[in-house]
Chemist: 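What follows is a structure written as structure tokens; I'll ask about it next.
Just so it is clear: chains get the letters A, B, ... in the order the sequence lines come, proteins before strands, and each one is counted from 1. All values below come from the heavy atoms of this structure, side chains included, with hydrogens, waters and symmetry mates left out.
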Amino acid sequence: MALQLFDTYTRSVRTFEPLDPPKVGLYTCGPTVYDYAHIGNLRTYIFEDFLRRVLDWNHFDVKHVMNITDVGHLVSDADEGEDKMEKGSARTGKTAWEIAEFYTLAFKQDLERLNILPPTIWCRATDHIADQIETIRCIEANGYTYQTSDGIYFDTSRLDDYGYLGRLDIEGLQAGMRIDMGEKRNPTDFALWKFSPKDRQRQMEWDSPWGKGFPGWHIECSAMSARYLGKYFDIHCGGEDHITVHHTNEIAQTEACHHTRLANFWMHGYFLQLGEEKMAKSGGGFIRLETLIERGYDPLVYRFFCLSALYRAKLNFTWDGIDAAATSLERLRKAVYEWGAPSGEPDAGFVAQFETAINDDLNLPRALAVTWDMARSSLPAGVRKATMAVFDTVLGLGLMEWKPKTEGAVPADVQALVEERTKARVEKRWADADKLRGQIAALGYDVEDSPAGPVVKARK
RNA sequence: GGCGACGUGGCCAAGUGGCAAGGCAAGGGUCUGCAAAACCCUCAUCAGGGGUUCAAAUCCCCUCGUCGCCUCCA
């Protein structure tokens, strides 16, 4: 079955065909590095990783570009020019550059812990100021800009199909406006270049044909994607929140400059819901991957959790849900481990079922169901293992490498009790054995009898 | 105020016109001295109402509920 993907631009599932086979250009909007990523952010990167792996599965040659936004997105279009980087700087006393570096490293560590494949190319906004200026000049030369007292703006009324991606109701937006227009001509207009405030020095500012300042929110993606992937490439991804503003404006910029709609496919990951509301950096409920680790979960439990829902549906985060994922993943890992070494060919039938699921717009929940069917099938263990090796190239759960944890040293007193109990069991003194198990439990250890002898485990 | 999405068993979640995947939990069972682990079995008519159809969780309408976007946001 050929790969089918949902395209937000056309609001339909389409057969994916590269523009220039077998090459595939993939651009995924990266983080703004002014704070840690929360697990809601990470859900989107996990989705993009599944996409990347499914493209690999289909033998495409993927060039994956991810940006790091290390220059201030403005707090709003109409404000005084304060941005999140400078704000973070004021909060912590570090320079904006140090903050960007710190959170970039933290972000990359999160990706690594989640088994997310690194992109082919990382690119930072501050390394591409010249490209951004060049793109703005191009837009200006084509007549889509105007200047106000605080910057150069994109005139969205000049594009007939502005807002098509988000199916924006421009008049409706006018009616229910919640934003301060400033000097903008249309509510949907946005800054391409902002001037530095006259009364103070910004940490991040550059010279430009329009004066000293810094780039607007959306221009970096148009500029950097064009540099690395060309004016029109295969797939552009991001979170669902990007549909109506960020990606809509990227498309506007690129249409104004290059006369293309930037990407052939537009794909969006949907939000992780925390109880009744989305997880937000402002407000409560900021859960990081680190938070899960502190609570004793393997980071891959979160990846597994994301696997249980479609990328195109919101997913409810609950601790019960995480527990369920932890238990489930543990069982799968143990089973795969106990199968021993792979032998023979992967089972063609199950591989075909798996492929049908993932090629159907990344239906990972169904792929996971196939995985369980396969795991519990009557195939020889070696074949199951060989088949799982193939599945895990997409699942990315590290199933082939996993080993049961070798228990840390058990305290001598516990060990002594365990040995005493073993002796009691050999002599069939059951009451004594149970009593000893109780004593061991009181010290915080569980003892389980296996054919190979007792297994002692520290209680969580 | 405008636009949009969603509402499936105790929980998470597939399925979008033809007898409701999967995981977790729960109950029962096999195994075990007893347990644990593992394995097996059982467990839903799809928010409510109306309509279209031979046939609807799946299409249309209404009601109720929840959420997202419109402001930096994955």
Side-chain angles (χ1 to χ4, degrees), chain A residues 11 28-32 34-35 37-48 69 72-79 82-84 87 163 166-180 187-188 217 237-246 248 268-273 275-282 304-305 307-332 334-335 338 357 360 363-373 376 424-425 428-431 433-434 437 446-451 454-455 457:
Chain A
R11 298 288 152 94
T28 56
C29 280
T32 303
Y34 69 102
D35 200 347
H38 60 238
I39 57 176
N41 301 127
L42 294 172
R43 183 187 180 202
T44 296
Y45 301 109
I46 291 172
F47 141 61
E48 290 161 352
T69 300
H73 275 185
L74 303 171
V75 170
S76 83
D77 255 341
D79 71 359
E82 184 181 31
D83 70 46
K84 290 194 284 196
K87 226 176 161 178
R167 305 294 192 268
L168 294 188
D169 172 356
I170 306 292
E171 299 194 349
L173 282 174
Q174 304 262 19
M177 252 201 346
R178 283 168 42 190
I179 48 172
D180 180 1
T188 47
W217 337 335
C237 297
E240 60 165 318
D241 55 316
H242 283 338
I243 297 170
T244 51
V245 179
H246 184 54
T248 289
H268 297 91
Y270 280 64
F271 278 157
L272 181 74
Q273 298 283 134
E276 301 296 80
E277 54 191 307
K278 73 167 181 171
M279 191 164 299
K281 290 193 178 179
S282 53
F304 187 88
F305 177 74
L307 212 43
S308 69
L310 294 175
Y311 78 89
R312 212 144 54 74
K314 66 183 170 67
L315 170 60
N316 286 317
F317 177 87
T318 60
W319 289 104
D320 282 349
I322 289 292
D323 281 338
T327 304
S328 190
L329 177 59
E330 178 76 8
R331 282 184 189 154
L332 190 61
K334 265 169 101 170
E338 283 163 9
D360 179 13
N363 194 323
L364 278 317
R366 219 164 75 211
L368 200 56
V370 172
T371 302
W372 281 112
D373 280 352
R376 289 173 175 160
R425 290 188 70 234
K428 298 193 191 296
R429 288 183 283 110
W430 309 126
D434 288 347
R437 180 158 59 197
D446 287 323
V447 55
E448 296 172 6
D449 300 317
S450 80
V455 178
K457 286 182 180 169

Chemist: On RNA chain B, check which nucleotide each of P365(A) and K334(A) is closest to and give me the residue with the more 5' one.
Modeler: P365(A)
Chemist: If you define the side chain from C-beta out and look only at heavy atoms, does anything of L364(A) sit under 4.5 Å from Y311(A)?
Modeler: no
Chemist: Would a 4.5 Å heavy-atom cut-off, applied to side chains only, mark F317(A) and I322(A) as touching?
Modeler: yes
Chemist: Is R425(A) near enough to rG33(B) that one of its side-chain N or O atoms lies under 4.0 angstrom from OP1 or OP2?
Modeler: no
Chemist: If we take the P atom in both rG51(B) and rA57(B), what is their distance in whole Å?
Modeler: 15 Å
Chemist: Testing T371(A), L368(A), I46(A), L329(A) for side-chain contact (heavy atoms from CB on, under 4.5 Å) with L307(A), which one passes?
Modeler: L368(A)
Chemist: Spell out yes or no: do the side chain of R437(A) and the base of rA35(B) have one donor N/O and one acceptor N/O closer than 3.5 Å?
Modeler: yes
Chemist: Have a look at G321(A) and say if it touches a base, only the backbone sugar-phosphate, or nothing, with a 4.0 Å heavy-atom cut-off.
Modeler: nothing
Chemist: If you look at every strand shown and take non-hydrogen atoms under 4.0 Å, does F47(A) touch a base, only sugar-phosphate, or nothing?
Modeler: nothing
Chemist: Taking 4.0 Å as the cut-off, does a side-chain nitrogen or oxygen of R376(A) come that near to OP1 or OP2 on rA38(B)?
Modeler: no
Chemist: Any base atoms under 4.0 Å from W372(A), or only sugar-phosphate, or nothing? Heavy atoms, all strands.
Modeler: sugar-phosphate
Chemist: Between S450(A) and V455(A), what is the shortest heavy-atom contact and its length?
Modeler: OG-CG2, 4.0 Å
Chemist: Nearest to the side chain of F271(A), which nucleotide is it out of rA37(B), rA38(B), rA74(B)?
Modeler: rA74(B)
Chemist: Please determine, for the side chain of R331(A), which listed nucleotide (rA74(B), rC24(B), rC70(B)) has the closest atom?
Modeler: rC24(B)
Chemist: Given rA25(B), rC69(B), rC67(B), identify the nucleotide with an atom nearest to the side chain of K314(A).
Modeler: rC67(B)
Chemist: Which listed nucleotide (rA36(B), rG68(B), rC73(B)) is nearest to the side chain of E448(A)?
Modeler: rA36(B)
Chemist: Can you tell me, in whole Å, how much space there is between the P of rC40(B) and that of rG22(B)?
Modeler: 12 Å
Chemist: Side chain of L272(A), heavy atoms from C-beta onward: which of rG33(B), rC70(B), rA74(B) has the nearest atom to it?
Modeler: rA74(B)
Chemist: Among rA13(B), rC34(B), rA74(B), which nucleotide sits nearest the side chain of D449(A)?
Modeler: rC34(B)
Chemist: Kindly say if N316(A) contacts the phosphate of rA13(B), meaning a side-chain N or O under 4.0 Å from OP1 or OP2.
Modeler: yes
Chemist: Just N and O in the side chain of N363(A): are any of them under 4.0 Å from OP1 or OP2 of rG22(B)?
Modeler: no
Chemist: Ignoring hydrogens and angles, does a donor from either the side chain of D241(A) or the base of rG68(B) sit under 3.5 Å from an acceptor on the other?
Modeler: no
Chemist: How many whole angstroms separate atom CD1 of I243(A) from atom P of rG68(B)?
Modeler: 15 Å
Chemist: In terms of side-chain heavy atoms of Q273(A), which of rG68(B), rA13(B), rA74(B) is nearest?
Modeler: rG68(B)
Chemist: Taking atom P in both rU16(B) and rA47(B), what distance in whole Å separates the two?
Modeler: 16 Å
